[in-house]
Amino acid sequence: MSTQRKPFPFDEFEPRWQAHWETAKTFATPNPGTPGFDAAKPKYFVLDMFPYPSGAGLHVGHPEGYTATDIIARYRRRCGCQVLHPMGWDAFGLPAEEHARKTGEHPRINTENNINNFRRQLKRIGFSYDWDREVNTTDPSYVKWTQWIFLRLYHSYFDEVTGKARPIAELEAQGLDRDAIDARRLAYVAEAPVNWCPELGTVLANEEVEEWRAKGNTVERRPLKQWMLRITAYAQRLIDELDGLDWPEGIKLLQKNWIGRSEGAEVDFRIGQETVTVFTTRPDTLFGATYMVLSPEHPLVETITAPEQKEAVDRYRKACASKSDLERTELAKEKTGVNTGGVAVNPVNGEKIPVWIADYVLMSYGTGAIMAVPAHDERDHEFAKQYGIPILEVVRAPIGNTDTCFTGNGIAINSGFLDGLPTPEAKAHIIAWLEDKGLGKKMVNFKLRDWLFSRQRYWGEPFPIVWRNGRHEAIPESDLPLLAPALEDYKPSGSPEPILSKATEWVDCGGGVTRETNTMPQWAGSCWYYLRYCDPANADAFVGAEAERYWLGANGTNGGVDLYVGGTEHAVLHLLYARFWHKVLHDLGHVSTAEPFQKLVNQGLILGEDGQKMSKSRGNVVNPDTVVDEHGADALRLYEMFMGPLEQVKPWSMKGVEGVFRFLARVWRLALETDQNGEWQLRPALAPTGMEPTTRRIVHQTIKKVTQDIDAMSFNTAIAQMMVCTNELTRLEVLPVEALGLLLQVLNPFAPHLTEEINALVGPAYPGILPAELAHAPWPAWDEAALVEDEVEIVVQVNGKLRDRLTVARTAENAEIESRALALDKVREHTEGQTIRKIILVPGRLINIVAN
RNA sequence: GCCGCCAUGGCGAAACCGGUAGACGCAACGGACUUAAAAUCCGUUUGGGGAAACUCAGUGUGGGUUCGAGUCCCACUGGCGGCACCA
């Protein structure tokens, strides 16, 4: 016997309903061609970003998005949709490997423990996932298809003419040699300066560097042979094909900025016998180029350097090479560089200009060389002032400009045949001129770099690749999945050499053939998991064609997942990578649409009670288990949604949980009360009678508001309306079972356990009124006629200020309202001695009398 | 520095397409029930003035459009997020 009686016995009925849903397979979703599938029903695929199962378990931030999608899933099912609502595990990753390294235990063991804990926690919250479709990126049957997709990339190239991926076999048929083919694969090997992190014993992708550096690790540049994915080939499509997607504009913009398209021209400069090509977005300023800068790594630096400058140049290049990226940017407060002594000829006017090297020019962007126009580029301006290089103005700024270095659009001056042209025309004109003379051409560049795809870790997918005579080749698909062998220990080797190279027997395939020892990054598994959910047990394909077409096919939209909910932290990388893979698979005919996610919604971060970001070190992490223990799963779900708009950042409040918990208790007490013995009994106030018009109105208003708010994902206001409705019903002396039933029906997606329990308790006592089980009950429709009120309150304003109110019949004529308003004491008072100029009447809302 | 988002009571927040600012919840205060407390129920709660009816002010700041602005426009300020020598 508990010391304090619970306001309602959630601890008893919540696990019972969860067990029922599991054994009855209430939320299992049939695929086309399997029993129970109904081709007549529309489909709805609602997806959560699957979690990395960390050792810490869930925190209350996880169930925010999950609750939102669960409400949608339960609602859509009841609206007659076939709903795909799955969950799985992004289970490769560093923490499990760190654990393995400390304990010597295979990372799979720790990973599985963590998954079991996550699954237990999620099931306690009553999410309606189809657990038969659970996927795990570390499962051999999943790894198999991740590797299979990698091989599709490996065996493909990007055809510039059609803008699509095509099989490598086509190049072979054209008679291209091996080197030419390898140079075009979507998955290729490159010697690249990589971000080597000694503490982790791995190389990081550019975009991961900051995260790990922030955690106190060091990152240095080292040249290494790496697998790369040619995502840059898709840069334009990754921008263009955002267009039809129902994503937040901010996220689209983030992606576009990340891809960083810029239009300009390439221009050839002669330096002695050599030609150096530069990229510029301002070819119209070509006459203002007073020097040229090459990146220190530029291959022509050696050739063009004058003998007397050689020593200084070499010293500078060496200094740059030893600097990390961080140093190069952080120490960039002051620009540095060295004159090579080389002289370039400006193709437009034959002027001789000095050639410098400076580390503010990056080898990895454009051509690694620029023409410097110090009058109209802030970086060049700063550099020129530093080294006393002439600054020549070639664009006249509009009147009123105060910038010392004007970078906007203006009128060309000091520019020969361009003089007098506005910037856009000058650009077009000079490009045409350059193209005509064969000295340059129009050019588009992207900031996006190819994706560094290999890691030197153990706990990731091994590449399905072997090396023979210094060349890579794919292993047969029949050998997939290729799994890493268990190791004696999981400590990194301390060199960029991958950990898997310690598995000498596994690496050696005999006959001089060795295995690739790099593994894939964690992104690999998360790039396609939404596809696997459609057909998780398929042993013959990563997804069956029919299942893919049904769940992801286009029907009036771009197709793909109907609703994808997750955090903004994945706004760029995960979403960009997944889109890239999806497009490749689409080009090759393996999926039916070009885009994977039709609608995207970002949930806002949940902060700790102190308004700070939740973290172990701050000690402000809230575990959903605690909330479920004390207030139940329904209260947790409801609070997650009641806090505020889904997209918004908002702090947790245990008091707030108590508030919604009290609301749920009120709903419970609509139907039940305790008798002398403290047992729950049906309330005598319940009656199988019809609803009075006022009751009917509030109930139908609630159905309407909740329905529309779920569609708009405005869950907080839906809950507020249900609270209003509950407060109204509480006041009734006789509570019609029908009214209670309708409230339970709309509350059901939010609080599924409580509503099912009350429904099951009340239903049998009043046969024929309530549905047998809410999960299977059709979503109720509201009766618009029940909403109309006979009388409406009209606000009366004088000169826009509220002066009085007027209750009029809904059908009242405008003239009648006007005369009644003008007759009001308050109105007379405020219009006394004035002339009425105008009367504005908004039907059913207000009347504004303008007088002076 | 550039780009994006946000700003409403003591707190989380509502407010359709420009039309009663503050719904709903938290906290606080008052009352009922109780020996008492908890729980529950009822009520008050933007600020100033007033005994009250009422009245003035009020959605980060300053301007504008409009009969009417939290909402639209311009210029600021503050906070959050992203990018950061990308030529």
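Below, chains carry the letters A, B, ... as their sequence lines are ordered, and counting in each starts from 1.
- A close approach under 4.0 Å does occur between a side-chain nitrogen or oxygen of A:K838 and OP1 or OP2 of B:C67.
- Across B:C83, B:C26, B:G19, the shortest atom-to-atom separation from the side chain of A:K655 is found for B:C26.
- Listed nucleotides B:G25, B:G19, B:C85 differ in distance to A:N848; the shortest reach to its side chain belongs to B:G19.
- A sub-4.0 Å separation between OP1 or OP2 of B:C24 and a side-chain N or O of A:Q721 is absent.
- Geometrically, A:R579 engages A:W247 in a cation-pi contact, judged by NZ or CZ lying under 6.0 Å from the ring centre and within 45° of the ring axis.
- Between A:F383 and A:Y291, the gap from one ring centroid to the other is short of 6.0 Å.
- Taking 4.0 angstrom as the limit, A:T717 places none of its side-chain polar atoms (N or O) nearer than this to OP1 or OP2 of B:A23.
- Each of B:C3, B:G19, B:A87 was ranked by its minimum atom distance to the side chain of A:F279; first place goes to B:A87.
- For A:R666 and B:C41, the shortest distance from a side-chain N or O to OP1 or OP2 is below 4.0 Å.
- In this structure, the nucleotide among B:C85, B:G25, B:G12 sitting nearest to the side chain of A:P651 is B:G12.
- Nearest nucleotide to the side chain of A:N727, out of B:C24, B:A15, B:A27: B:C24.
- Nucleotide B:U40 holds its C1' atom 13 Å from the CZ atom of A:R683, rounded to whole Å.
- For A:R805, taking side-chain heavy atoms from C-beta onward, the closest of the listed nucleotides B:G19, B:C42, B:U20 is B:U20.
- The side chain of A:R845 has B:G19 as its nearest neighbour among B:G25, B:A87, B:G19.
- The separation of B:A13 from B:A21, taken at their C1' atoms, amounts to 13 Å, rounded to a whole angstrom.
- Side-chain N/O atoms of A:R662 include one lying less than 4.0 angstrom from OP1 or OP2 on B:C26.
- Between A:R803 and B:C54 there is no side-chain polar atom (N or O) within less than 4.0 angstrom of OP1 or OP2.
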Exercise for the section: Apply the test salt bridge (Lys or Arg N to Asp or Glu O under 4.0 Å) to residues A:K6 and A:D11: give CA-CA distance (whole Å), side-chain angles for both, the deciding distance (0.1 Å), then the verdict. Expected result: CA-CA 9 Å; A:K6 291 200 162 61; A:D11 54 331; 3.7 Å; yes
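- The aromatic ring centres of A:Y639 and A:F663 sit 6.0 Å or more apart.
- Between the CG atom of A:N257 and the C1' atom of B:C5 there is a distance of 14 Å, rounded to whole Å.
- Residue contacts for A:G659: at a heavy-atom cut-off of 4.0 Å it reaches the sugar-phosphate backbone alone, with no base atom in range.
- Within the nucleic acid shown, A:V724 comes within 4.0 Å of sugar-phosphate atoms alone, with no base atom in reach, counting heavy atoms only.
- A:Y360 places its OH atom 8 Å from the C1' atom of B:A87, with the value rounded to the nearest Å.
- Separating the CG atom of A:L638 from the P atom of B:C24 is a distance of 16 Å, rounded to the nearest angstrom.
- Both distances falling under 3.5 Å, in either a Watson-Crick or a G-U wobble arrangement, place B:C80 opposite B:G4.
- If you check B:G19, B:A87, B:A21 against the side chain of A:L802, the one that comes closest is B:A21.
- Here B:C42 is the nucleotide among B:C42, B:G19, B:C41 with the atom lying nearest to any side-chain atom of A:R731.
- B:C41 and B:U46 are spaced 27 Å apart, taking the C1' atom of each and rounding to whole Å.
- No engagement by A:H381 is indicated, since no non-hydrogen atom pair under 4.0 Å with the nucleic acid exists.
- The side chain of A:R837 contributes no N or O atom lying less than 4.0 Å from OP1 or OP2 of B:G68.
- Phosphate contact (OP1/OP2 of B:A14, side-chain N/O of A:N716, threshold under 4.0 Å): present.
- The shortest distance between the side-chain N/O atoms of A:K801 and the OP1/OP2 oxygens of B:C67 is not below 4.0 Å.
- Listed nucleotides B:U55, B:C67, B:A13 differ in distance to A:Q648; the shortest reach to its side chain belongs to B:A13.
- Side-chain contact of A:T275 with A:D268: a donor-acceptor pair under 3.5 Å is absent, judged by distance alone.
- Taking the P atom of each, B:A39 and B:U45 are spaced 23 Å apart, rounded to whole Å.
- Separating the P atom of B:G18 from that of B:G70 is a span of 13 Å, rounded to the nearest Å.
- A donor-acceptor pair shorter than 3.5 Å can be found between the side chains of A:Y316 and A:T336.
- Atom P of nucleotide B:A87 and atom CZ of A:R282 are separated by 12 Å, given to the nearest angstrom.
- Within 3.5 Å, no donor on the side chain of A:K447 pairs with an acceptor on the base of B:C83, nor the reverse.
- Salt-bridge annotation for A:R637 and A:E640: absent, with no side-chain N of the basic residue lying under 4.0 Å from a carboxylate O of the acidic one.
- Distance check on atom C1': B:C72 versus B:U66 gives 10 Å, rounded to whole Å.
- Comparing the C1' positions of B:G47 and B:G22 gives an interatomic distance of 13 Å, to the nearest angstrom.
- If you measure from atom CZ of A:F661 to atom P of B:A39, you get 12 Å, rounded to the nearest angstrom.
- Between A:W356 and A:Y387, the angle of the ring planes lies from 30° to 60°, which puts this pair in the tilted group.
- Protein atom CG of A:N799 is 17 Å distant from nucleotide atom C1' of B:U55, rounded to whole Å.
- Only the P atoms considered, B:U8 is 16 Å distant from B:A23, to the nearest whole Å.
- For the P atoms, the distance linking B:U71 with B:G60 amounts to 8 Å, nearest Å.
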